[in-house]
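Shown next, in structure tokens, is the structure this report addresses.
Since the structure is predicted, the reported quantities are computational estimates derived from the model, not experimental observations.
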Amino acid sequence: VRHHDHMTLEITVRGSAEASHPAERATVSMAAAFEGRDKAKVFADAVAVQDPLSKQLRELVDLGAVTTWSSAQVRVYSHRPWDHEGKRLDLVHVARVDAVAEFVDFERLSGFLDFWAGKEGIEVVGINWDVTIKNRRAYESEVRKAAVEDRSPIHIWRCRRPTLCR
């Protein structure tokens, strides 16, 4: 309650609550990147990773271990690096393909990461652990309710003119 005249009593209630829930899904972001002087070779190296990666992700969907996944097209770009003396070097080509997959089977996720993280040119960019959208809404609702029920501390501010507050 908050009034801005001189005769009111101000009461502030602050509640807090926390809850932890085990992860129900893991979204893995990864990339395959290859670089070299031969543009066709770095492109072929990236494609050589993309095809078996896509095949394995399709199989994991069929097994119910992965709910969704996507893979971008192989992108190729070139740049000319500088050496330590400030001299431009020959053109270097880079081929890169990104993939994202949402796992719900963490045992299969572990095997997937063990296999791919050891491959040349593969980078596991990150893993985002989360709960399902449906459960997130329920969990958030429970925590909000618990925070409202937590009535400590209660701060009572005295009136500025006690003779007028009765």
Side-chain angles (χ1 to χ4, degrees), residues 12-150 152:
T12 303
V13 178
R14 292 191 178 118
S16 66
E18 292 182 14
S20 295
H21 298 279
E24 298 166 340
R25 61 186 178 154
T27 303
V28 178
S29 301
M30 56 192 302
F34 299 91
E35 64 178 55
R37 305 242 185 262
D38 184 341
K39 187 175 185 178
K41 179 171 180 355
V42 297
F43 179 80
D45 289 346
V47 170
V49 168
Q50 185 182 34
D51 290 342
L53 174 64
S54 297
K55 181 178 185 253
Q56 186 178 17
L57 289 170
R58 283 190 294 274
E59 290 170 358
L60 289 166
V61 167
D62 292 342
L63 293 170
V66 169
T67 56
T68 61
W69 70 276
S70 65
S71 177
Q73 292 182 338
V74 176
R75 296 184 321 271
V76 180
Y77 60 93
S78 305
H79 65 96
R80 290 190 61 187
W82 300 87
D83 71 6
H84 64 284
E85 296 175 352
K87 187 174 154 185
R88 290 288 263 190
L89 300 175
D90 291 337
L91 200 60
V92 174
H93 304 284
V94 179
R96 181 180 174 98
V97 62
D98 298 305
V100 176
E102 183 180 276
F103 281 79
V104 292
D105 182 330
F106 300 150
E107 189 172 317
R108 292 197 189 269
L109 167 62
S110 178
F112 176 84
L113 291 175
D114 283 346
F115 178 80
W116 286 103
K119 299 285 186 194
E120 180 69 29
I122 299 295
E123 175 189 1
V124 176
V125 178
I127 302 174
N128 181 32
W129 300 93
D130 207 346
V131 295
T132 63
I133 293 169
K134 178 183 173 187
N135 286 345
R136 171 178 290 282
R137 288 185 185 125
Y139 298 152
E140 287 173 348
S141 178
E142 290 169 9
V143 172
R144 278 193 301 273
K145 182 180 176 188
V148 168
E149 290 172 356
D150 174 28
S152 62

**Request:** Mark yes or no for whether Glu102, through its side chain, and Thr67, through its backbone, hold a donor-acceptor pair below 3.5 Å.
**Result:** no
**Asked** Charged N to carboxylate O under 4.0 angstrom, Asp45 versus Lys41?
**Response** yes
**Message:** To check you understand the geometry: which heavy-atom pair defines the closest contact between Leu91 and Arg37, and what is its length?
**Reply:** O-NH1, 3.4 Å
**Asked** If you round to the nearest 0.5 Å, how far is CG of Leu57 from CZ of Phe103?
**Response** 6.0 Å
**Request:** Might you point out which heavy atoms bring Gly64 and Val104 nearest each other, and give the distance in Å?
**Result:** O-CG2, 3.3 Å
**Item:** Heavy-atom closest contact (Val100 atom, Ser29 atom, distance)
**Value:** CG2-OG, 4.1 Å
**Item:** Non-hydrogen side-chain atoms of Trp116 and Val124 separated by less than 4.5 Å
**Value:** no
**Request:** Verify, without hydrogens or angle tests, whether Gln50 (side chain) and Ala72 (backbone) share a donor-acceptor contact under 3.5 angstrom.
**Result:** yes
**Item:** Flag side-chain contact, heavy atom, 4.5 Å: Ile133 against Arg25
**Value:** yes
**Prompt:** Is any side-chain heavy atom of Arg75 closer than 4.5 Å to a side-chain heavy atom of Val97?
**Reply:** no
**Message:** Can you tell me how far apart CD (Glu107) and CZ (Phe112) are? Round to the nearest 0.5 Å.
**Reply:** 15.5 Å
**Message:** Would you say that Asp130 contacts Thr27 through its side chain, given a criterion of any heavy-atom pair below 4.5 Å between the two side chains?
**Reply:** no
**Item:** Residue pair Glu35 / Val42: nearest heavy atoms and the distance that separates them
**Value:** C-CG1, 3.4 Å
**Prompt:** Are Asp105 and Leu63 close enough that some pair of their side-chain heavy atoms sits under 4.5 Å apart?
**Reply:** no
**Message:** Check the orientation of His21 and Tyr139. Use parallel for under 30°, tilted for 30 to 60°, and perpendicular for over 60°.
**Reply:** parallel
**Prompt:** Can you tell if the side chain of Leu113 reaches within under 4.5 Å of the side chain of Ile127, non-hydrogen atoms only?
**Reply:** yes
**Item:** Arg80 side chain to Leu89 backbone, donor-acceptor under 3.5 Å
**Value:** yes
**Asked** Quick one: are Lys87 and Trp82 in side-chain contact, heavy atoms under 4.5 Å?
**Response** no
**Prompt:** Which heavy atom of Leu53 sits nearest a heavy atom of Ala99, and at what distance?
**Reply:** CD2-CB, 3.8 Å
**Request:** Return yes if some donor-acceptor pair links the side-chain N/O of Arg108 with the main-chain N/O of Leu60 below 3.5 Å, else return no.
**Result:** no
**Request:** Identify the heavy atoms of Arg96 and Glu123 that sit nearest to each other, and give their distance.
**Result:** NH1-OE1, 4.3 Å
